[in-house]
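See structure below.
The figures here come from the full heavy-atom set of this structure, side chains too, leaving out hydrogens, waters and symmetry mates. We name chains A, B, ... by the order of the sequence lines, and we start the count at 1 in each one.
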Protein chains: 2
Amino acid sequence: MSILIKNVILNKEKKDIFIKGNKIERISDNLNLKADDKIDGKEKKAILPGLINCHTHSAMSLLRGYADDLPLKDWLEKKIWPLEKKLSQDDIYFGTKLAILEMIKTGTTTFNDMYWRPEAAIKAIEEIGIRAVVGLVILDSNPFGSIKNVKNYSEIFKKRKFKNITFSIAPHSIYTVSKENLIWSKKFAQENNLLLHIHLSETKKEVDDCSKKYKIRPVEYLDRIGLLDKNTILAHTVWLSDKEIKILAKKKCQVVYNPCSNMKLASGFFPYEKLKKAGVNIAIGTDGAASNNSLDMLSEIKFASLLQKINPMGRLLSNGIDERKLTIAPAYDIFKSATENGAKALQINSGRIVQGKLADFILVDLNHICFNPGYNLYSDLVYACNGDCVSDVIVNGKVLMRDRVVKNESKIISEAKNRIYLKA
Amino acid sequence: MSILIKNVILNKEKKDIFIKGNKIERISDNLNLKADDKIDGKEKKAILPGLINCHTHSAMSLLRGYADDLPLKDWLEKKIWPLEKKLSQDDIYFGTKLAILEMIKTGTTTFNDMYWRPEAAIKAIEEIGIRAVVGLVILDSNPFGSIKNVKNYSEIFKKRKFKNITFSIAPHSIYTVSKENLIWSKKFAQENNLLLHIHLSETKKEVDDCSKKYKIRPVEYLDRIGLLDKNTILAHTVWLSDKEIKILAKKKCQVVYNPCSNMKLASGFFPYEKLKKAGVNIAIGTDGAASNNSLDMLSEIKFASLLQKINPMGRLLSNGIDERKLTIAPAYDIFKSATENGAKALQINSGRIVQGKLADFILVDLNHICFNPGYNLYSDLVYACNGDCVSDVIVNGKVLMRDRVVKNESKIISEAKNRIYLKA
């Protein structure tokens, strides 16, 4: 299978791009090669790496709008958890499909998932063709999250070949997984060459509880028990001390910034600037739809930048405008976090449009209002656009959206709508 | 002219709606009236009041993405102001058209504008047919903002009849307009039955400078010189003391919350909860595209809610999650701010779908992913949707967008694109 992409804008220049199999084979000014498929950008579309959503719970799209504006305890204990308990494997499959559809429509080509019953997500991912890192969840209180279960899954998945799927082991958090099981998770990840994906320091309570119990903070705790290295993806990392940031840098950990979720759940302010200065790789995620409620990464990155500019951990509150603050988290850096840095975090050979990379990319419609008059592509992408500026999505050399049309779109939506009877 | 809207969802029920002239004439379960035009929602579209953007500088859409991520002083003095000086009347006309197109595509039916040369905005507004309150700007340093100029405009506009346009007098701010000219503005507004639209307390510096100069804070200053009443619209109002909030409530002033601009320019945190508790009418605006960079009100309202939930003026910083914070600025209240409260602020008989109101409304596509599975329309609108869920826009009884198509859309975009040569 090959695709010839004609007349697209790449770094302000018109280019032709030849996709062979699942790779970007050639980029040149003018290519006239035979190909199985052709897309002509007519100089009105720009090519960009696909967005990479580095932390989500895709099946939770089925809970979008189910419970909002409630105190955290009521939200979780009276609404979200009781409803989640009722989710069948089919519900998870349909919810994941709804999430994948939303991600494709808004330009995401890869997501890092954490949810029960990975077989349901895998079915959805393989059917639609997006790329994903599927988490095998460890959670002490839930039978689905047992070590036994994860071992079983691992045995089953080892016997299969996956085109677009790799795996992580995903111990839920330090407050829901015992020290022994955390240590087991890392060992299992190392033995099986898996990433490790965990929530960390999302709330101040989590940090306080850890400090009380272990006399050290969460990052120090994970470091002490050997969980931190470049294969570890830490979601949220809102409450970090300077010492913890140094450890994350030294151990080359991956951190994921989830601005909407941190705002909606009043979790706190992700220390973007300190982490960046320390050289930590910062990726971006939407979290699940219950705490966002959108998986549109082009919406998310505006929050990612703007929240940093007003982050009161700086000098805003005492002195009014800090001149420097407006320059924090500039558009290009944030876009890079949502693409190249995400690819690095998930160890996927994508995130940039260069020869030899995986053919995971998007075309955006430069005639969309958000790109006009058109001074700066990255400013427009981050501050003015949402996912509806994306016209075409290619993953692993396969066209998943063409001129905003995704296969079976209305079926996926109506299947999700049919699950609305679900109540806690 | 009449329109019959069939089978749309209003408050969870299927309704038919009959528009006669520029009014909502009848709402009923089943209407079979003759009409000049018909729109069938097929039970897949919901009808909602149009969004009301209560503070913007529409022509600045021509500067979208021109200068971002710079220190405030450089941004204004080296980039925005020098470029603005070069804007011709045509530029303002084309920029305003681009802004209006974006607003219609994203469901805004009325905007409150503040920019030079209102004749250019008026031409654009009348051509496209959106509703607007056009500001006659007073700015001491600029010949376009002189009292003489405003008197001239007023004389000219008095002789004309406008369908969709009303006027405000718009002294730019307390730091750019003298006390005498502020007092003159209010007197002129009263004599001519105009609203008064002014930036107030956007930055801490503005408050500090005012306090130094007059020994009172900005709201107290405006109150002392007689500018505050229900006809006064105050944009931003970020830095308010409790005493000032009491004054705003007592004088029944209108305040406009501009979350994206406040975040992007690191202005500060709008005291939503205190203002709401005091009973002040809170509307929402996008500000201009140079400091946002989008005019999509459905994107803006997510920022409006989420910024309040993480607003550190509460107890977040010292104690971690404040349970109460997640319930602040709930979806329905924020949607009301962007519709009904905006109509109240601008004294326009719209903002709700009831008989007798102006026919200023939108239809949204309930099959859009953001409304699915579909637990709560207002949660979905505020937290999950952007403007691309809007399918149809009706203003003053006239269809401005039908199934996402606006007349002359590509022409308006290419005209704006042609102005890209503009540089500071």
Side-chain angles (χ1 to χ4, degrees), chain A residues 62 64-66 68-73 75 98 101-102 105 203-205 208 260 262-268 292-294 296 299 303 306-307 309-310 312 316 319-327 330-331 367 369-370 372-376 379-380 383-384 386 388 410 413 416-417 419-420, chain B residues 62 64-66 68-73 75 98 101-102 105 203-205 208 260 262-268 289 292-294 296 299 306-307 309-310 312 316 319-327 330-331 367 369-370 372-376 379-380 383-384 386 388 410 413 416-417 419-420:
Chain A
L62 209 61
R64 190 199 325 272
Y66 172 65
D68 291 304
D69 305 318
L70 296 172
L72 190 71
K73 211 174 144 73
W75 176 69
L98 182 67
L101 176 64
E102 183 182 3
K105 292 283 282 190
T203 67
K204 189 155 183 297
K205 185 176 185 303
D208 291 345
C260 282
N262 295 164
M263 292 174 84
K264 188 155 180 273
L265 302 182
S267 309
N292 185 319
N293 304 345
S294 153
D296 179 345
S299 294
F303 282 91
L306 264 48
L307 181 59
K309 293 184 201 299
I310 203 173
L316 177 69
N319 300 319
I321 285 185
D322 174 351
E323 278 291 302
R324 206 181 37 91
K325 287 186 66 70
L326 282 75
T327 65
N367 280 334
I369 300 168
C370 72
N372 282 288
Y375 280 104
N376 184 319
S379 264
D380 291 343
Y383 300 128
N386 295 314
D388 67 316
S410 55
I413 288 173
K417 210 193 281 287
R419 304 272 143 178
I420 189 88
Chain B
L62 209 61
R64 190 200 325 271
Y66 172 66
D68 291 304
D69 305 318
L70 296 171
L72 190 71
K73 210 172 144 71
W75 176 69
L98 182 67
L101 176 64
E102 183 181 2
K105 292 283 283 191
T203 68
K204 188 154 182 298
K205 185 175 184 306
D208 291 346
C260 281
N262 295 164
M263 292 175 83
K264 188 152 179 274
L265 302 182
S267 309
N292 185 320
N293 304 346
S294 152
D296 179 345
S299 295
L306 266 48
L307 181 59
K309 294 184 199 301
I310 203 173
L316 177 69
N319 300 320
I321 285 185
D322 173 351
E323 279 290 303
R324 206 180 38 93
K325 287 186 67 68
L326 281 75
T327 65
N367 280 334
I369 300 168
C370 73
N372 281 287
Y375 280 104
N376 184 320
S379 263
D380 290 343
Y383 301 128
N386 295 314
D388 67 315
S410 56
I413 288 173
K417 210 192 281 285
R419 304 274 143 176
I420 189 89

Exercise. For A/Ala416 and B/Pro373, work out which heavy atoms get closest and say how close.
Key: O-CB, 3.5 Å
Self-check item: Interchain contact, B/Arg419 with chain A, by part (heavy-atom threshold 4.5 Å)
Solution: backbone
Practice problem: Would you sort out whether B/Asp388 and A/Asn386 count as a side chain to side chain contact (heavy atoms under 4.5 Å, CB included), showing the intermediate values? | Solution: CA-CA 9 Å; B/Asp388 67 315; A/Asn386 295 314; 5.7 Å; no
Self-check item: Side-chain (A/Arg64) to main-chain (B/Asp380) donor-acceptor, under 3.5 angstrom
Solution: no
Quiz item: Picking from A/Leu306, A/Ile413, A/Asp296, which has the most non-hydrogen pairs under 4.5 angstrom with chain B?
Solution: A/Leu306
Quiz item: Atom NZ of B/Lys417 and atom CG of A/Asn367: how far apart are they, to the nearest 0.5 Å?
Solution: 4.5 Å
Quiz prompt | Audit row: A/Ser379, B/Asn293, side-chain hydrogen bond (donor to acceptor under 3.5 Å, both in side chains) steps and yes/no | solution = CA-CA 8 Å; A/Ser379 264; B/Asn293 304 346; 4.8 Å; no
Quiz prompt | B/Tyr375/A/Asp68 under side chain to side chain contact (heavy atoms under 4.5 Å, CB included): CA gap, chis, key distance, verdict | solution = CA-CA 10 Å; B/Tyr375 280 104; A/Asp68 291 304; over 6 Å; no
Quiz item: Which atoms of A/Asn292 come close to chain B, meaning under 4.5 Å heavy atom to heavy atom: side chain ones, backbone ones, both, or neither?
Solution: both
Quiz item: Do B/Leu326 and A/Leu265 have side-chain heavy atoms sitting under 4.5 Å apart?
Solution: yes
Exercise. For residues B/Lys325 and A/Leu72, determine if any side-chain heavy atom of one lies less than 4.5 Å from a side-chain heavy atom of the other.
Key: no
Practice problem: Calculate, to the nearest 0.5 Å, the distance between atoms CG and CG belonging to A/Asn372 and B/Leu98 respectively. | Solution: 6.5 Å
Quiz item: To the nearest 0.5 Å, what is the distance between OG (B/Ser299) and CZ (A/Phe303)?
Solution: 8.0 Å
Quiz item: chain A: which of B/Asn376, B/Asn262, B/Leu62, B/Ile369 shares the most heavy-atom pairs with it under 4.5 Å?
Solution: B/Ile369
Exercise. With rounding to the nearest 0.5 Å, note down the distance linking NZ in B/Lys309 to NZ in A/Lys264.
Key: 7.0 Å
